[in-house]
Asks: 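What follows is a single structure, and I will ask about it in a moment.
Residue numbering restarts at 1 for every chain, and letters A, B, ... go by the order of the sequence lines. As the structure is a prediction and not an experimental result, all values here were calculated from the model.
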There are 2 protein chains.
Amino acid sequence: MTIQRRMILDELRASRSHPTADEVYERVKRKLPRISLGTVYRNLEALASQGAIQRLDLAGVQRRFDHAPAPHHHVRCVRCGALEDIILRGSAHPDQLVQDARGFEILDAKLEFLGICPECREPGPPVPRNSHFH
Amino acid sequence: MTIQRRMILDELRASRSHPTADEVYERVKRKLPRISLGTVYRNLEALASQGAIQRLDLAGVQRRFDHAPAPHHHVRCVRCGALEDIILRGSAHPDQLVQDARGFEILDAKLEFLGICPECREPGPPVPRNSHFH
DNA sequence: CTGCATGCAAAGGGTTTGCACCGGC
DNA sequence: GCCGGTGCAAACCCTTTGCATGCAG
């Protein structure tokens with residue numbers, strides 16, 4: 001556990017926003033100005049593979065990282081791209097949703113909701129859209 | 001509807017495999033040797049935005065394209081990366097799964113299952129793993 | 001001393017874009 | 001001729017990687 005890895009983990013835990021690697025990099029750089037983006041990627045990867053954090057590979061957008069290692073689901077705002085945790089009604093095994101699995105052995109499911117966040121629902125200046133958010 | 005766009009659409013419809021853009025490119029190139037990858041991307045994008053086909057932005061992998069414009073769900077093999085359509089038990093609105101939406105207005109959900117495909121379940125030479133497939 | 005993690009920069013893969021050209025109208 | 005769509009290549013973004021250096025144990 002180097003000082004870089006420590007700061008990266010702290011920064012991630014201090015943030016609720018599921019930051020991207022370069023967001024983590026920008027924040028950690030305030031305290032460790034000589035840290036490199038490569039180091040951030042390497043440490044995020046290492047932390048994820050040891051189960052301390054979670055990689056979020058979401059549909060069609062840049063990868064994000066989650067301080068919480070346990071799997072859970074997310075909502076993404078289709079206007080501004082904001083990403084938040086979401087709470088589902090039940091925690092049924094994905095198998096229970098499947099009628100015909102085409103012979104696959106189902107291990108897991110990735111469920112991402114799309115919607116409009118509270119801020120974007122309010123009237124106001126239009127948020128610049130990004131095709132990735134659809 | 002240029003000849004290029006026609007061939008791209010035909011090739012996609014002839015394929016069940018949800019090909020990537022470069023796979024479409026390789027296949028169409030057999031009949032139109034001078035077609036460029038840029039043209040393939042532009043036409044896939046155009047076809048998708050006019051609703052003739054569907055872009056699949058899946059979690060953590062290269063984008064794929066689906067000849068079927070209607071939304072449906074998929075299974076991805078975590079070993080070989082194969083992607084197939086899947087049939088769910090019901091067609092409940094995603095809202096019904098959500099207990100706390102954090103103020104979001106839920107519009108849609110992207111649901112992707114992960115599993116092992118029939119081929120990869122059989123004993124045999126191990127399929128080279130790709131970290132993207134997890 | 002040894003070795004692993006770092007900083008740096010370059011490479012890599014997938015996708016988008018600028019631009020000149022072409023071909024149909 | 002006009003104009004949109006093309007081919008080509010370069011640019012782009014995110015991510016990974018090779019390498020020499022440096023710090024920790």
Asks: For the pair made of CG in A:Asp22 and C1' in D:dC12, what is the distance, rounded to whole Å?
Replies: 14 Å
Asks: Take the protein atom CD of A:Gln62 and the nucleotide atom P of D:dC12, then report the distance between them rounded to whole Å.
Replies: 17 Å
Asks: Which parts of residues 2-18 of chain B get close to DNA chain C, meaning a heavy atom less than 4.0 angstrom away?
Replies: none
Asks: Check DNA chain C against residues 39-51 of chain A and give the residues with a non-hydrogen atom under 4.0 Å, in numerical order.
Replies: A:Thr39, A:Arg42, A:Asn43
Asks: Taking salt bridge (charged side-chain N to carboxylate O under 4.0 Å, His left out) as the definition, give me every residue that meets it alongside B:Arg102, ordered by chain and number, with sequence neighbours left out.
Replies: none
Asks: Would you mind reading off the distance between A:Arg63 atom CZ and D:dC14 atom C1', rounded to a whole angstrom?
Replies: 9 Å
Asks: Can you tell me how far P of D:dC14 sits from CG of A:Leu37, to the nearest Å?
Replies: 10 Å
Asks: Contact between A:Leu44 and A:Arg63 at the side-chain level, heavy atoms closer than 4.5 Å - yes or no?
Replies: no
Asks: What pairs meet the ring-ring contact (aromatic ring centres under 6.0 Å, His included) rule with one or both residues in residues 22-56 of chain B, with sequence neighbours excluded?
Replies: none
Asks: In whole Å, I'd like the distance from the CG atom of B:Asp57 to the C1' atom of C:dT15.
Replies: 12 Å
Asks: Between B:Glu11 (side chain only) and B:Ile8 (backbone N and O only), is there a donor and an acceptor less than 3.5 Å apart?
Replies: no
Asks: Would you mind classifying the nucleic acid contact of A:Ile35 as base, sugar-phosphate or nothing, using non-hydrogen atoms under 4.0 angstrom?
Replies: sugar-phosphate
Asks: Test of understanding: with salt bridge (charged side-chain N to carboxylate O under 4.0 Å, His left out), list the residues that count as partners of A:Lys29, not counting sequence neighbours.
Replies: A:Glu26
Asks: Under the rule for side chain to side chain contact (heavy atoms under 4.5 Å, CB included), what residues qualify as partners of A:Leu32, not counting sequence neighbours?
Replies: A:Ile3, A:Gln4, A:Met7, A:Val28, A:Ile35
Asks: Only pairs at least two apart or in different chains count here, so list each ring-ring contact (aromatic ring centres under 6.0 Å, His included) that has a residue in residues 45-73 of chain B.
Replies: B:His72-B:His74
Asks: Starting at OH of B:Tyr25 and ending at P of C:dT15, how long is that distance when rounded to a whole Å?
Replies: 14 Å
Asks: Could you please name the option among C:dG7, C:dT15, D:dC14 that lies closest to any side-chain atom of A:Arg34?
Replies: C:dG7
Asks: Using salt bridge (charged side-chain N to carboxylate O under 4.0 Å, His left out) as the criterion, list what pairs up with A:Asp10, not counting sequence neighbours.
Replies: A:Arg6
Asks: Could you tell me which residues satisfy side-chain hydrogen bond (donor to acceptor under 3.5 Å, both in side chains) with A:Ser15, sequence neighbours excluded, listed by chain and number?
Replies: A:Ser17, A:Arg27
Asks: Between C:dC8 atom C1' and A:Lys29 atom NZ, what is the distance in whole Å?
Replies: 13 Å
Asks: Would you kindly give the CD-to-P distance between A:Glu23 and D:dT15, to the nearest whole Å?
Replies: 11 Å
Asks: Going by side-chain hydrogen bond (donor to acceptor under 3.5 Å, both in side chains), name the residues that satisfy it together with B:Arg5, two or more places apart in sequence or in a different chain.
Replies: B:Asn43
Asks: Polar pairs (N or O, both sides) under 3.5 Å between protein and nucleotides 21-25 of chain D?
Replies:
none

Asks: Quick one: salt bridge (charged side-chain N to carboxylate O under 4.0 Å, His left out) partners of A:Glu119, sequence neighbours excluded?
Replies: none
